[in-house]
Trainee: 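Mind having a look at this structure? Questions to follow.
The sequence lines fix the lettering, A, B, ..., with proteins before strands; numbering per chain opens at 1.
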Amino acid sequence: MDSAEFHAAVYEMVRQIPAQRVTSYGHIAKLIGMPRHSRHVGQALKFLSGDGIETVPWHRVVSASGAISSRGPGTDGAQRQREELEAEGVEVVIGRTGEMRVDLRTWGWFPASV
DNA sequence: ATGGTGACGACGG
DNA sequence: TCCGTCGCCACCA
């Protein structure tokens, strides 16, 4: 499986996440049969553009702790993700240090397979 | 070749 | 629960 196929597999799986539910990078990795590639799932989503950005619900993927990955200081990716989630009704809580997270016990979607 | 770098995760204190 | 640390793996300078 080359990187193009990996990206395609990730996008296909992310499309399976129901509205108003979220899952983790690591879980997507498990579902496509590559459990140790959670970091690469993030890379695949990072490279989304054009039609992909419209058809892949990338905002429904967060870290295993429920935190929305920051993408580094000075970037607005995390904020955009928060807006997308709240727009479809998912509650995002803000911690003391300003970090954003989703309660996985309420919104989490972790099926053993699809 | 080689060391650094992520939209990460498991584990231990 | 909150951290620090370590493992992970494709890419890139």
Side-chain angles (χ1 to χ4, degrees):
Chain A
M1 165 176 269
D2 61 23
S3 78
E5 295 174 318
F6 178 82
H7 283 199
V10 168
Y11 300 153
E12 181 182 353
M13 195 56 71
V14 172
R15 273 192 270 259
Q16 309 305 310
I17 306 173
Q20 299 187 316
R21 294 322 257 332
V22 299
T23 191
S24 69
Y25 297 97
H27 196 69
I28 291 295
K30 289 177 187 171
L31 291 176
I32 65 175
M34 305 204 71
R36 290 169 270 175
H37 294 242
S38 53
R39 306 187 90 120
H40 302 291
V41 170
Q43 284 303 305
L45 296 183
K46 179 179 182 180
F47 295 138
L48 270 177
S49 62
D51 54 323
I53 199 82
E54 297 297 322
T55 60
V56 179
W58 55 272
H59 57 282
R60 296 180 190 147
V61 185
V62 298
S63 75
S65 63
I68 294 179
S69 305
S70 103
R71 281 91 154 169
T75 60
D76 65 336
Q79 186 60 33
R80 294 209 325 279
Q81 182 167 5
R82 174 196 176 184
E83 292 166 5
E84 292 283 346
L85 286 171
E86 294 185 330
E88 69 175 28
V90 174
E91 183 178 8
V92 178
V93 297
I94 310 299
R96 291 184 296 289
T97 57
E99 87 275 6
M100 302 179 270
R101 29 173 68 264
V102 174
D103 185 348
L104 296 182
R105 290 173 303 182
T106 302
W107 311 100
W109 181 79
F110 299 96
S113 69
V114 291

Trainee: Give the rounded distance in Å between these two atoms: CZ of Arg39(A) and P of dC12(C).
Mentor: 16 Å
Trainee: Atom CD1 of Ile32(A) and atom P of dC8(B): how far apart are they, to the nearest Å?
Mentor: 15 Å
Trainee: Taking atom types as they are modelled, would you say the side chain of His40(A) forms a donor-acceptor pair with the base of dC9(C) within the 3.5 Å cutoff?
Mentor: yes
Trainee: Tell me whether Arg36(A) at atom CZ has more than 12 heavy atoms from other residues, nucleotides or ligands lying less than 6.0 Å away.
Mentor: no
Trainee: From the options dC11(C), dC9(C), dG6(B), select the nucleotide whose nearest atom is closest to the side chain of Gln43(A).
Mentor: dG6(B)
Trainee: Report the nucleotide, chosen from dG9(B), dC11(C), dC8(C), that has the shortest atom-to-atom distance to any side-chain atom of Ser3(A).
Mentor: dC11(C)
Trainee: Would you check if the side chain of Arg101(A) reaches a backbone N or O of Ser65(A) as a donor-acceptor pair within less than 3.5 Å?
Mentor: yes
Trainee: Please check this pair: side chain of His27(A) against backbone of Val61(A), looking for a donor-acceptor N/O pair closer than 3.5 Å.
Mentor: no
Trainee: So, is Ser70(A) near the phosphate of dA7(B), with a side-chain N or O under 4.0 Å from OP1 or OP2?
Mentor: no
Trainee: Please give, in whole Å, the distance from dT1(C) P to Arg101(A) CZ?
Mentor: 9 Å
Trainee: Identify whether any heavy atom of Ser38(A) sits under 4.0 Å from a base atom; if not, whether one sits that close to sugar-phosphate; answer base, sugar-phosphate or nothing.
Mentor: base
Trainee: Can you measure Met1(A) atom CE to dA10(C) atom P for me and round it to whole angstrom units?
Mentor: 12 Å
Trainee: Out of dA7(B), dC11(C), dA10(B), which nucleotide sits closest to the side chain of Ala64(A)?
Mentor: dA10(B)
Trainee: Taking everything shown except Glu12(A) itself, do over 12 heavy atoms lie less than 6.0 Å from its CD?
Mentor: no
Trainee: Glu84(A) has an atom CD; how far is it from atom C1' of dA7(B), in whole Å?
Mentor: 15 Å
Trainee: Taking atom types as they are modelled, is there a donor-acceptor pair under 3.5 Å from the base of dC8(C) to the side chain of Arg36(A)?
Mentor: no
Trainee: If I take atom CD in residue Glu99(A) and atom P in nucleotide dT1(C), what distance separates them, rounded to the nearest angstrom?
Mentor: 13 Å
Trainee: May I ask which nucleotide in the shown strands pairs with dA7(B), Watson-Crick or G-U wobble, both distances under 3.5 Å?
Mentor: none
Trainee: Between Gln20(A) (side chain) and Val90(A) (backbone), is there a donor-acceptor pair under 3.5 Å?
Mentor: no
Trainee: Please give, in whole Å, the distance from dC11(C) P to Lys46(A) NZ?
Mentor: 13 Å
Trainee: May I ask you to say what Gly77(A) touches in the nucleic acid, namely base, sugar-phosphate or nothing, with a heavy-atom cut-off under 4.0 Å?
Mentor: nothing
Trainee: Hey, does Ser65(A) reach any base, or is it just sugar-phosphate, or nothing, if we go heavy atoms under 4.0 Å?
Mentor: nothing
Trainee: Rounded to the Å, how far apart are Met34(A) CE and dG9(B) P?
Mentor: 16 Å
